[in-house]
Amino acid sequence: MMDHLHKNNTQYISNPSPNPPPTGGLFENLLSVEPIFNNKELLRHSFTPDVLPHRDSQIQTLASILVAALRGDTPSNILIYGKTGTGKTASVRLVSRELEQASAQYDIPCEVKFINCEVVDTKYRILAELANTFIEKNIAYVLEKISKLETSLNDLPPNFNSSSSPQSEEGQSLHDEISKLKHDLNSFTKVPMTGWPTDTVYSTLVKALDYRERVVVIILDEIDKLVEKSGDDVLYNLSRMNSDLDRSRVSIKGISNDLTFTDYLDPRVKSSLGEEEIIFPPYNANQLNDILQNRATTAFKEGVLTDGVIRMCSAFAAQEHGDARRALDLLRTAGELAERSGGSQVTTAHVESAQEKIELDRVIEVIRTLPTQSKLILFTILVLVKKNISHITTGEVYNLYRQLCKERDSAVLTHRRVTDLISELDMLGIVNAIVVSKGRYGRTKQISLSVPQTNVEKELLSNHHLFGGLEDTSVIFQSHFGT
DNA sequence: AATCCACAGGAAGCCCGGGAAC
DNA sequence: GTTCCCGGGCTTCCTGTGGATT
């Protein structure tokens, strides 16, 4: 089987067709367009650059705390705060990378583990993830050590090499050491995805960490999400872990979007985790400009960006609380739009379209992931907007909502719940709801759509499953719109 | 100044599904 | 496999509120 595949492969490689057969030309035209990107990856926010402009002081502080690890001490725990796109994660990744390089260079055992708590979000899973990571690292370490020992064993003169010779003390001790390591290797058992009691996972982690002397840096990104979902239990365990460790030391770095999340923490956890705090302030338009300039020179081909493109991206992103991620998205999307339209240059018009496209994508994504009842309420608001009602109130929404529910024979939520759902839509930025008092006529919320009506309409109507079929939806829609 | 409207939004508790613990 | 626990969605009940009207 393998042979067969192999032969085929060789055939393809050794006989490349000099003139590929003519195709339909579907991709030919697209490929013939001069690309405007050199390397688009540089504009993705997952990319960690070597230089982070305007973050020198934060990086310096981080490094000055982490340098303790290279001296064999435990670095202080750190909490890092900043809104999205302020360079927190990128800075931490940059410093971690350098730390690991330095650790290898000076042969000081120091390991970094990065966990995104939005993905790994329960106590069990965090402990299991950590335990498995360090078990793997231990296995790699032991395997390497064994191979080194075996090499030195083979390098011994032949009469020393034989384990059968009782005189060769050096050979014997090497043999002993190798068999001990092999025994260790067998004792490493990985933690399953589920099933173990949490304290067993914890003790497995402690054992794995303590296998050898080292400093371990655990980075918990989006730590506020973890606390929100699972409380501070894990953080309590992790922050007290050093008292259970003999040979290794643990240091924790928490990254949070939310400045106030420590309010929900146990005071002991709070003081232990927040030994040091680093704040990442939002970038201003000029700083965003520098960042984009920095990346654009290598990401785009020369002369592709017209005047004002970068400045416009930074200005747009600066309005969004100085979000560098947004600025990069804008620049990349503008480039993609330019490329798709077959142009050879990116213009400010492309940036404007990119801004619209990103906003539209966001709205579509938010609406798509809305629960059914919220969609129904949004639909009700849309109907009222279409009826040109100037001041939509909670009461009006609720009445029509109830009517729609009856028409489609579905469960009706209470008034109280509907006000909550409206507030949620407000927080998602889909509608705008402000509390107003109309004197004698009561206090209510005044509701309006805060995104283009056509976008909402298009996305809601594409929800075939929502109202038990598009046809039904259209009926309801038409009966209220009169179209 | 008192009244009153039409809600806002807090508190408590129920129900249910999913996952951890045993 | 069963039990237990937790969190989210939801209801019920309730108090609070700004300003037009009386």
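Quick caveat, the model's predicted, so the values are computed rather than measured.
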Expressed in angstrom and rounded to an integer, what is the separation of A/Leu413 atom CG from C/dG8 atom P? 18 Å

Look at atom NZ of A/Lys83 and say whether more than 12 heavy atoms of other residues, nucleotides or ligands are closer to it than 6.0 Å. no

Can the positive tip of A/Arg55 be found less than 6.0 Å from the middle of the six-membered ring of A/Phe280, inside 45° of the ring normal? no

Find the distance A/His415:NE2 to B/dC5:P and express it as a whole number of Å. 15 Å

Separation of B/dA20 atom P from A/Tyr202 atom OH, nearest Å, is 20 Å

Angle class for the A/Tyr141/A/Tyr211 ring planes (parallel below 30°, perpendicular above 60°, tilted otherwise)? perpendicular

For B/dG9, does OP1 or OP2 lie under 4.0 Å from any side-chain N or O of A/Lys445? yes

Expressed in angstrom and rounded to an integer, what is the separation of A/Lys438 atom NZ from C/dA20 atom P? 12 Å

What about A/Arg443, does its side chain sit under 3.5 Å from the base of C/dT17 through a donor-acceptor pair? yes

With respect to the side chain of A/Gln373, which nucleotide from C/dC10, B/dC4, B/dA8 is positioned closest? C/dC10

Please classify the nucleic acid contact of A/Val201 as base, sugar-phosphate, or nothing, using heavy-atom distances under 4.0 Å. nothing

Single hit among A/Val201, A/Leu205, A/Ile115 for side chain to side chain contact (heavy atoms under 4.5 Å, CB included) with A/Glu129: A/Ile115

For C/dG19, does either OP1 or OP2 sit under 4.0 Å from a side-chain N or O belonging to A/Ser437? no

Looking at A/Gln60, I want to see if its CD is surrounded by more than 12 non-hydrogen atoms of other residues, nucleotides or ligands under 6.0 Å. no

Between A/Asp426 (CG) and B/dA8 (P), how many Å, whole number? 12 Å

In whole angstroms, the gap separating P of C/dT17 from OH of A/Tyr441 amounts to 23 Å

Which nucleotide, C/dC10, C/dC13, B/dC7, lies nearest any side-chain atom of A/Arg416? C/dC13

Atom CD of A/Gln446 and atom P of B/dC7: how far apart are they, to the nearest Å? 12 Å

Is the distance from OP1 or OP2 of B/dC5 to the nearest side-chain N or O of A/Arg440 less than 4.0 Å? no

Between C1' on B/dC7 and CD1 on A/Ile422, what's the gap in Å once rounded to a whole number? 11 Å

Answer yes or no: does a side-chain N or O of A/Thr394 lie under 4.0 Å from OP1 or OP2 of B/dA8? yes

